Amino acid sequence: MSDSELVSQRRANFEELLALGIRPYPNAYDATHRVADIVATYGEHAGEALEAEHVPVRAAGRILGLRTFGKANFLVLSDGVATLQVYIRQDSVPAEAFAMFKLLDFGDQVGVEGRLFRTRTNELTIWASGLTFLAKSFLPLPEKWHGLQDIETRYRQRYLDLIVNPDARRVFDVRARTLKTIRGFLDARGYLEVETPMMQSIAGGALARPFVTHHNALDMKLYMRIAPELYLKRLVVGGMDRVYEINRNFRNEGISTQHNPEFTMLEFYQAYVDYEHLMRLTEEMFAEVALQTIGTTDLTFGEHAISFAAPFRRLSLRHAAAERASERLQRSVDVDMLRDEATARSIATALGLAVPEGVGAGKIATEIFEALCEDDLIQPTFIYDFPTEVSPLSKQKPDDPDTVERFELYAGGFEVANAFSELNDPSAQRRRFEGQLADRARGDAEAHQMDEDYIRAGKGSASTASSCCSPTAPASAT
RNA sequence: GCGCCUGUAGCUCAGUCGGUAGAGCAGCGGCCUUUUAAGCCGUUGGUCGUGGGUUCGAGUCCCACCGGGCGCACCA
């Protein structure tokens with residue numbers, strides 16, 4: 001049977017409804033409850049209690065199930081969050097309502113008026129006394145048991161996925177609660193939420209390839225931002241000592257279930273604190289988000305049980321890399337060996353890693369870490385003290401110029417946050433940018449571009465400050 | 001970009017050694033006044049991703065292209 005035939009059958013049912021004098025698209029339905037509210041409020045009430053209370057309800061929703069028995073029928077009503085059964089007896093509803101019911105299709109929307117009771121099998125149900133037609137679904141929906149499996153269809157026809165797969169809605173719910181919790185957490189600590197430019201003349205603040213666009217009136221090439229960092233830091237220069245932004249960033253790179261070209265990220269800045277402070281703040285925030293969104297800090301991610309109870313484990317990057325390299329190579333590798341370019345390079349080669357010429361010890365150490373350690377960081381772990389070479393915007397440690405005060409948080413094998421003490425010496429910042437330009441000249445397309453305005457802003461005296469950014473994928477909370 | 005897998009009814013999937021297209025659900029017509037993936041009887045529905053090739057004969061084998069999934073690379 002062709003698609004159009006299934007559609008025309010539904011259309012025929014619709015025509016019959018019109019012939020009955022049913023108003024096809026009413027402007028509103030005066031519901032007393034949402035389906036989810038009824039389930040939440042009366043889900044635990046016993047049948048006798050419901051009979052005694054005689055609870056009257058009117059609720060609207062989509063028909064996600066039909067079980068017909070001639071004169072006694074059941075339909076499953078969904079409001080997108082919860083489902084509730086409706087019992088429709090021929091002798092309990094007006095004749096025209098019963099005639100209308102017989103023309104309903106899976107997917108149609110109706111309003112139901114009635115009272116709550118429990119069936120013999122103890123299921124909470126509305127005993128319908130009235131039925132109102134609200135909207136026709138002309139699309140044949142996926143079957144109820146296997147649902148919609150095809151991943152492409154699920155993403156391209158998200159409405160179908162939402163109708164038939166309850167988990168699809170849950171992702172939206174968890175995401176919304178996550179963002180709400182983060183905002184509440186930061187607002188309560190005196191942070192101000194801002195929005196900064198998404199189209200920038202220089203795409204800076206991160207190492208990534210940007211999308212390019214064009215402004216007609218200015219006849220000017222613009223980049224979609226890869227990070228809000230440099231603009232947020234300008235606000236810090238202007239005296240905003242605690243700011244954050246939750247918004248989209250655009251990176252012109254590979255697409256996968258873990259990498260969306262346009263993704264939402266949180267970035268926040270706090271003046272007069274260093275990265276130690278941010279580590280404590282970050283672990284508090286993750287624990288709070290977990291508690292507020294799923295009610296516990298202990299969750300299951302894939303095959304792993306993960307605990308987001310603070311404090312999190314801490315491990316320096318070079319220690320993590322050296323430890324793993326030792327295990328892998330069956331010989332002693334220590335942190336100092338990773339600070340010497342020739343030695344680090346020979347270790348990388350022994351590990352089978354291809355390291356380009358002209359790359360320093362810092363970048364080599366970072367590559368060893370990424371290749372050997374990342375996937376195994378299941379429990380939340382702060383990896384801290386990054387090589388200066390890979391961190392052009394971070395402040396060096398007072399006693400170690402090759403190392404910056406920076407950390408990344410890992411959980412479930414993913415990087416979930418990146419933070420550092422902000423470099424606020426404009427002369428040092430210029431030298432760092434120049435180093436990046438040299439990398440770019442050697443062919444590193446992701447090296448940072450020079451940003452004169454950012455340096456000029458820095459000359460206006462940026463506070464000592466720290467910032468943290470984190471993609472707000474619900475992966476951390478599901 | 002590379003590798004592996006995949007595309008058959010609205011949905012979920014079978015289809016053996018190459019022999020002329022199948023099931024369940026959905027739909028349609030019946031029966032049934034507390035069902036739970038309701039059940040029972042009957043029944044409709046296909047350009048087997050597209051194009052070429054091999055063959056007496058292709059859903060099946062070969063080639064190309066298109067779409068999709070996973071892994072790698074890149075990256076968050």
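Since we're looking at a predicted model, the values are computed, not measured. Chain A is the first sequence line, chain B the second, and so forth, proteins listed ahead of strands; every chain is numbered from 1. Note that these values count all heavy atoms, side chains included, but never hydrogens, waters or copies made by symmetry.
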Which nucleotide sits closest to the side chain of [X]: [options]?
{"X": "T68(A)", "options": "A76(B), C32(B), U35(B)", "result": "C32(B)"}
{"X": "F263(A)", "options": "A76(B), U35(B), U12(B)", "result": "A76(B)"}
{"X": "L148(A)", "options": "C32(B), U12(B), U34(B)", "result": "U12(B)"}

Review point. Is the ring centre of Y223(A) less than 6.0 Å from the ring centre of F211(A)?
Key: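 Not close enough - the centres of the two rings lie 6.0 Å or further apart.
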
Could you work out, with salt bridge (Lys or Arg N to Asp or Glu O under 4.0 Å) as the rule, every residue matching [X], not counting sequence neighbours?
{"X": "D173(A)", "answer": "R169(A)"}
{"X": "D91(A)", "answer": "R89(A)"}
{"X": "E113(A)", "answer": "R58(A)"}
{"X": "R62(A)", "answer": "none"}

Point to revise | Within residues 76-89 of chain A: residues closer than 4.0 Å to RNA chain B (heavy atoms) | key: Q85(A), Y87(A), R89(A)

Exercise for review: Ignoring backbone atoms, test whether R67(A) places a side-chain nitrogen or oxygen under 4.0 Å from the OP1 or OP2 oxygen of A38(B).
Suggested key: yes

Check your understanding: Got a sec, which pairs hit side-chain hydrogen bond (donor to acceptor under 3.5 Å, both in side chains) with one end in residues 43-54 of chain A, sequence neighbours left out?
Key ->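 Residue pairs with at least one partner in residues 43-54 of chain A: E51(A)-R115(A).
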
Check your understanding: Can you list every pair that meets side-chain hydrogen bond (donor to acceptor under 3.5 Å, both in side chains) and has a residue in residues 128-141 of chain A, with sequence neighbours left out?
Key ->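 The answer is D105(A)-K136(A), D108(A)-K136(A).
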
**Study point:** Counterpart residues, side-chain hydrogen bond (donor to acceptor under 3.5 Å, both in side chains), relative to Y384(A) (two or more places apart)
**Key:** none

Point to revise | Pair assignment for RNA chain B - dot-bracket with | for other-strand partners, Watson-Crick or G-U under 3.5 Å | key: (((((((..((((.....[..)))).(((((.......))))).....(((((..]....))))))))))))....

**Study point:** Pi stacking test for F74(A) and U35(B): under 5.5 Å apart, planes under 30°
**Key:** yes

Check your understanding: If you find the nucleotide of RNA chain B closest to D150(A) and the one closest to E374(A), which residue's nucleotide is nearer the 5' end?
Key -> D150(A)

